2 protein chains.
Amino acid sequence: MDKAEKLKEDFIMNFGWAYKAFGLSKLMGHVVALLLFSPKPLSLDEITESLKRSKGPVSQITRRLRDKNLIRRVWQPTSRKDYYEIQPDIFENAFRNNLEMVRNNYKLAQKFRTQIKDQNVQEAEILSARLEEMQSFYELMDKKYREFLDEWDDERAKLLG
Amino acid sequence: MDKAEKLKEDFIMNFGWAYKAFGLSKLMGHVVALLLFSPKPLSLDEITESLKRSKGPVSQITRRLRDKNLIRRVWQPTSRKDYYEIQPDIFENAFRNNLEMVRNNYKLAQKFRTQIKDQNVQEAEILSARLEEMQSFYELMDKKYREFLDEWDDERAKLLG
DNA sequence: CTGAACGTTTGAAAAATTTCAAACGTTGCA
DNA sequence: TGCAACGTTTGAAATTTTTCAAACGTTCAG
């Protein structure tokens, strides 16, 4: 294996690890990294071969990744096989998936806040303050996130010419 | 159990689940949620009791959470026990931990890019383009992140009066 | 010094997740 | 039709992660 190959493999491994922080499993991370650095779409078989896994898990993983809008299926005219490539807006989507969970949490917190206001007067003040902080945090995050997406659209348009 | 209690428990469970997306284990998520909604610092024993876990895992979890700067230890003058509370800047820190991994990945990608430029001419162009996109993405993200932290500082100051 | 109250470490058990090989269903080609 | 090339499902095996109880070391009060 030459040096570039080695580095690529390193990258794929590292990516798999890092993307656990985005709610992906290691194998999901590997598939994403592999596709990210493939100049062309890869078939299921090519993926299983590269990653040295059997078809079962890879099939499931590709489906989950599609559900999350991180990769997509494309058809090649010559072949009956499914081919996969990175979703063009993968980065945004990874971000978006996270944000959804954060929002969920936020809603739950809000619900809790109104509940506790009526009942447990003693603890309510401190809790309420903390929930308010949480709420502000998520709102700001949301705002910044939207700004980010807008700017990223521009940036991307520039890159693609 | 009254309604507010029930809701709180829901919240703690949900939080534990959601925070897997931030690289935390379920129990870590629970501890964070518990402390987030406790009006006062909790001792290890109180945490183990609330979460119905034994001391071993909770002890390890609190240490890992401290390493990530999500909770901190405080001492109560009356007791020899360790007490834990949420780190005041927990939200920022959770974010920061993620970003570090992203940056790591980015560095690796960059390294790969320079390597491949010299060697494998055929694939180099497409890969290089993709890495450039990745680079731009992370740079913008980094910028937005810093803006966010600045604004959040202001916001927080306002909230605390 | 001694004992009790702690948090931490540890090795094994339990639980959850990942993985595989094989069976299966579908599709299109001969 | 029948067969071959696929992707998917499935139940069991392997691996990893989580958990516990017990042993341990430290600290402090008496």
Side-chain angles (χ1 to χ4, degrees), chain A residues 12-35 40-68 70-85, chain B residues 12-35 40-68 70-85 97 101:
Chain A
I12 290 177
M13 290 304 134
N14 182 284
F15 210 80
W17 181 79
Y19 268 57
K20 286 174 79 168
F22 287 101
L24 306 186
S25 73
K26 217 176 300 177
L27 180 53
M28 284 168 108
H30 291 161
V31 171
V32 169
L34 181 63
L35 291 180
K40 61 178 203 318
L42 297 180
S43 70
L44 206 75
D45 284 336
E46 288 171 316
I47 297 174
T48 59
E49 196 192 349
S50 281
L51 262 32
K52 296 183 180 48
R53 295 286 141 78
S54 64
K55 288 167 72 175
V58 173
S59 171
Q60 292 192 49
I61 290 296
T62 50
R63 177 219 284 272
R64 283 205 281 156
L65 287 174
R66 266 190 299 138
D67 289 348
K68 285 170 177 284
L70 301 184
I71 70 177
R72 70 180 181 191
R73 202 152 46 172
V74 292
W75 280 275
Q76 306 288 50
T78 55
S79 169
R80 272 206 282 147
K81 293 186 181 183
D82 291 348
Y83 286 81
Y84 295 96
E85 67 178 15
Chain B
I12 290 177
M13 291 305 134
N14 183 282
F15 210 80
W17 181 79
Y19 267 57
K20 288 175 81 170
F22 287 101
L24 305 186
S25 73
K26 217 175 301 178
L27 181 53
M28 285 170 108
H30 292 161
V31 170
V32 168
L34 182 64
L35 291 180
K40 60 179 204 314
L42 297 180
S43 70
L44 206 76
D45 284 335
E46 289 170 314
I47 297 175
T48 58
E49 196 191 348
S50 281
L51 263 32
K52 298 186 179 43
R53 295 286 140 79
S54 64
K55 289 167 70 173
V58 174
S59 170
Q60 293 192 48
I61 291 295
T62 51
R63 178 221 283 271
R64 283 206 280 157
L65 286 175
R66 267 191 296 137
D67 290 346
K68 286 170 176 283
L70 301 184
I71 69 176
R72 71 180 180 191
R73 202 152 46 175
V74 292
W75 278 276
Q76 307 288 52
T78 54
S79 169
R80 268 207 284 147
K81 291 185 181 182
D82 291 348
Y83 286 81
Y84 295 95
E85 65 178 16
N97 292 334
M101 272 186 278

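Here the structure is a predicted model, which means the values were calculated and not measured. Throughout, protein chains are lettered first and strands after them, A, B, ... in sequence-line order, and every chain is numbered starting at 1.
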Of all heavy-atom pairs linking B/W75 and B/K81, the shortest is CD1-O, 3.9 Å

Atom CD1 of A/I61 and atom P of C/dC20 are separated, to the nearest Å, by 11 Å

Subject >> Worked check of side chain to side chain contact (heavy atoms under 4.5 Å, CB included) between A/L44 and A/D82 >> reply: CA-CA 7 Å; A/L44 206 75; A/D82 291 348; 5.8 Å; no

The side chain to side chain contact (heavy atoms under 4.5 Å, CB included) partners of A/K40 (sequence neighbours excluded) come to A/S38, A/L42, A/E46

Between B/L65 and the options B/L35, B/V31, B/L27, the side-chain contact (heavy atoms from CB on, under 4.5 Å) test singles out B/V31

note: A/M28, atom CE; C/dT18, atom C1'; distance rounded to Å ~ 13 Å

When rounded to whole Å, the NZ to P distance for the pair B/K52 and D/dA21 reads 15 Å

Protein-proximity profile, nucleotides 3-10 of chain C, B/S/- by nucleotide at the 4.0 Å heavy-atom cutoff, equals --BSBBBB

B/K26 meets the side chain to side chain donor-acceptor pair (under 3.5 Å) criterion, sequence neighbours left out, with none

Residues 49-68 of chain B vs side-chain hydrogen bond (donor to acceptor under 3.5 Å, both in side chains), sequence neighbours excluded, gives none

Here the distance between atom P of C/dT18 and atom NE2 of A/H30, to the nearest Å, is 12 Å

A/L27 CG to C/dT19 C1', in whole Å, measures 9 Å

